[in-house]
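Contents: one structure, followed by commentary.
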Amino acid sequence: MAASVADSGPSSDSSYLPFDPPGSVRVTEELRYRYSDDRRPIVNQYLRSHRVGKGQHGEVWVCWDMNNNRREVAIKAVKRVNPRAEKLNLLRRRNLPASPHTPLTDKLSSLEQKIRKEIAIMKKCRHGHIVRLLEVIDDKLNERIYMVMEYLSGGEIKWRNELNQPVLAVDQCRRICRDVILGLEYLHYQGIIHRDIKPANLLWTADRQMVKITDFGVSHFSYAQRLAVAGRGQVALDDPNDPILLDDSDLSKRAGTPPFLAPEVIAEYTSTEPFPSMSASATSSTLLSSRSGTPVNSTTTIRGSATPHRQPITKAIDVWALGVTLYCLLFGHIPFRAADSSEYVLYNIICNNDWEPDEKMGCDAIPTGGRHPDPNSEGYVVVHLLDRFLQKDVSKRIGLGEAKRYPWFLSDIPEPEEWLRQTSPSKTDIVMVTDKETEKAMTTMRFSWGWHKRLTHGISSLLRNVRPKRISPSRPRRHGDDENQFGVNSSPAITFVQPKPASMRTSTHEGRAKSKRRLVMHSTTLQNDSTPNIAQGHQGSMEKKMKSLKIRPSQPPSDPNVSRLTSRRGSDALFPSRDMHGASCTRPSSSRNSEGTTIVIPSPAEERTRHRFSLSSMKYWRSSPHRTTSQASSPLDTSSVGSSQDKAPQQTVSTDVNITLRRSEEVLRHHRRECMPGGAHDSCEGGLTAARRASSWGEPTNNAEEVTSLTSGEHDGLDEDALFLGAGGVCNDPSTLVSNLSLGFSHVAEGTLRHPQPERLHIGPGIGVRHVSHESLSHYDAGVGATATPGPGPSSSSQSRQSQLRSATTSPSPLHQLAYESGVEEASGGEGYDDDLDSDSDSSFFRDKHQRREEQAALLRSQVNRSYSDDEGEEESDEEDAPIEVRRRRPSVLLAATSPLPPLSDFSDEYNARST
Ligand SMILES: Nc1ncnc2c1ncn2[C@@H]1O[C@H](COP(=O)(O)OP(=O)(O)OP(=O)(O)O)[C@@H](O)[C@H]1O
């Protein structure tokens, strides 16, 4: 158990049960659907409740864990592959400046890698200020993967009202920031950089006593390997000039949210010339430029022409983002903002302009004293801290260890030294996230596009009636094979196949040869298998049809197409867990790990059935198109399909393609060409379109949603912060901020999550910023540390009801919904979004969702039709194939006998909608 959780948990309250379930993250490889009596979907032991959020790749639902006293959990359902999102991305890309140099892989989804990374990182995190991942339900035969997390019912932090005024008290801002420091310190110690710290990624616990960091979708963990190599204690934890620098090829991608990006991340996108003052174009009182318009002063290092060398990208980028976050919480708006919402202008401002505080901070309106306050003033300590956070020079930026000891943070902690000792990250075990673990974090995706899909679709139809039944409770039970104990614990102690050392890995050539050998083996298995599930009649028919397709199951195929097809069949990259299971076939069918968790290992017979089923699902076989830069091909680039398919599948590694970087460069180059030659940025009418801006944000597959949000949001009259910030936090009704959940399920029932609050014991009456004097700060600066006086307890607002308002940026956009209505369905998440769900959503976004719907629907349909017309046949196939595997398979398993309802797909409600 992580010491930080165990040691820092409160102990004075005997009824306090910190949420820290034992054991590591379970990986369950079988998904079972059914309905409850009141028609609620049940996935394994999780009974679905309401939806709490929708991300770019999936939805988050509150569920009750029926095996744990109906404990509430949050389940994020993410589609492995979303062909329609890919196509909408294509539509978006057509709006981008064309470049002949755009690599093929830039056109491809990196969704798989994103999910793998997120899971691999979350699996390793166990800390009181990090959202805990409890289980991963990863059924290879299901199109979605489910991440079961602890449920943070307090929701996102709301930090501003619609007038961009702060809604949090300064004391609350301090506690939030302190929580994030602890969480980040843990992550950094583990070698993980979050890369997307912002208010929207900080969730309140139910009692609003603490926040936890969530969303590791763009986090980076290769640093952990380097730390491991260097050995613990060999690396200075808070030295920004850490000799162990990060992998630039990954980190240099501008993953994250633009206003929160550190200067070193965006340096290369900025002008080396002094950037013109923003004051002329300022339109809002919240603009930095309207208040200052000043270049950076002496206390802030100017980047750009003054800093010719690119600064290292380190964990300090999280510190910068935390500084921006703190600023947001204190003042209700972001510190750096471009007047025209241009990304390029924003980056220049971040890199070259200073920030400016408001006169007052927090909803309690404590005077700041301006950018350079009197050292004896109340605001001095906060402005000084912000100044340390927002240092453009990485080497001058404060480290987390130092920040933690800052007097302001210690001001309401009775025993600062003890608190510092207990919360030290050195008490935790360092984690290692290996490539193998990343691969294993999610089972292989299945692809279906192009001629290959049509070919395999034919084969699949032959086997439609010979698909074996899934393992179900109806089969004879074995010892320890409890319904609730499906799954394989992710503990390395039960790993069947150890990662091979690099020296032992096969070369590409060897890999191909092995794949072919596996092909022969699998084919032989198919041919010789006498499992009664395969009817002889169908076998004969199948052989005949396969012959007509020039497929000879038991021999290496001579037809090159067949070779491509079947070589993927035996790919490690495609079926890693099968290989793992294959290795485990001789092992006992179940075992117990050290924690007593039963591990069910499929028997050889079961494995064969899976293999056979997989064969019938060959239409999905496709080597991951974005595994390597040079070899992957676009499903939309027909010229490259053949060549890529000739290649054996590559091992999936964490070498993400720098998609965003290149595209962003193009966008910005285009922007410069269009706008800058004339000199004045404000002469650039329109600048980057919303689509172009969004295109350079984070993961490429995210952008469909972002683009639509931006575009449509502007029409909806939402403030630009909500559109551009991506940070949420809008509180339409401030009164709801200081309250707890208004939902009926908000009561703390037996078994409801309780959360560790390391400093909860120590949060005495907060003395507020007024009590931190310049003397104490000097004391701190002298390195003595702080001895702050205990202050009053948590503010009354911490007992309050939760706001149910969701920020516009986390809501489905109008285009997203239009896409659904017009038959395109999801832009990225892939889930249907019906009115029922709308009513679940508390997003303010939906206030205007019916406006211009007809008009936009027509526009969208025409655009989408145009984009799809290029690959019409493929689209037909998509329409038919995507849900087929689930729909045809499921009734034979559990539901047919138990429920008159159609088979469930997942939590998306699409089948519910169809059935009603
Ligand atoms: N464990 C949780 N407890 C409570 N709410 C959660 C939890 N996880 C996510 N949410 C809510 O669900 C919303 C969507 O979460 P998700 O992580 O999918 O968002 P996202 O970061 O935008 O997605 P993505 O990383 O795919 O882009 C969040 O904004 C948050 O409010």
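The model shown is predicted, which means the values in this text are computed figures rather than measured ones. Both counts, for ligands and for their atoms, begin at 1 and track the order of listing.
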Using the test side-chain hydrogen bond (donor to acceptor under 3.5 Å, both in side chains), find all partners of Asp65 that sit at least two apart in sequence or belong to another chain.
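For Asp65, the residues satisfying side-chain hydrogen bond (donor to acceptor under 3.5 Å, both in side chains) (neighbours in sequence not counted) are Asn68.
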
Geometric N/O contact [X] with ligand 1, under 3.5 angstrom:
X: Tyr151; result: no
X: Lys76; result: yes
X: Lys54; result: no
X: Glu156; result: yes

Those atoms of ligand 1 less than 4.0 Å from some heavy atom in [X]:
X: Val131; answer: 1 (N)
X: Ala74; answer: 1 (N), 2 (C), 3 (N)
X: Asp215; answer: 20 (P), 21 (O), 25 (O)

Which residues pass the side chain to side chain contact (heavy atoms under 4.5 Å, CB included) test with Ala321, not counting sequence neighbours?
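Only Ile197, Phe260 meet the side chain to side chain contact (heavy atoms under 4.5 Å, CB included) criterion with Ala321.
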
Nearest neighbour of atom 14 (C) of ligand 1 from the list Val78, Val218, Val60, on a heavy-atom basis
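Checking each option, the heavy atom nearest atom 14 (C) of ligand 1 is found in Val60.
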
Nearest non-hydrogen contact with atom 7 (C) of ligand 1 belongs to which option: Ile75, Leu203, Thr214, Thr205?
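Of the listed residues, Leu203 has the closest heavy atom.
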
Sub-3.5 Å donor-acceptor pair from the side chain of [X] to the main-chain atoms of [Y], do we have one?
X: His194; Y: Thr214; answer: yes
X: Asp179; Y: Val211; answer: yes
X: Arg80; Y: Ile145; answer: no

With the threshold set at under 4.0 angstrom, would you say Gly217 reaches ligand 1 through any of its heavy atoms?
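Contact check Gly217 vs ligand 1: negative.
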
Could you tell me whether the side chain of Leu187 reaches within less than 4.5 Å of the side chain of Leu184, counting heavy atoms only?
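Of all side-chain heavy-atom pairs linking Leu187 with Leu184, at least one is under 4.5 Å.
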
Could you check if a side-chain atom of Met210 sits within less than 4.5 angstrom of a side-chain atom of His129, using non-hydrogen atoms only?
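Counting from C-beta outward, Met210 and His129 do come under 4.5 Å.
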
Backbone, side chain, both or neither: what part of Leu152 comes under 4.0 angstrom of ligand 1, heavy atoms only?
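Under 4.0 Å from ligand 1, Leu152 contributes backbone and side-chain atoms.
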
Would you give the length of the straight line joining atom CZ of Arg126 to atom CZ of Arg132, rounded to the nearest 0.5 angstrom?
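Answer for the CZ-CZ pair, Arg126 versus Arg132, is 4.0 Å.
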
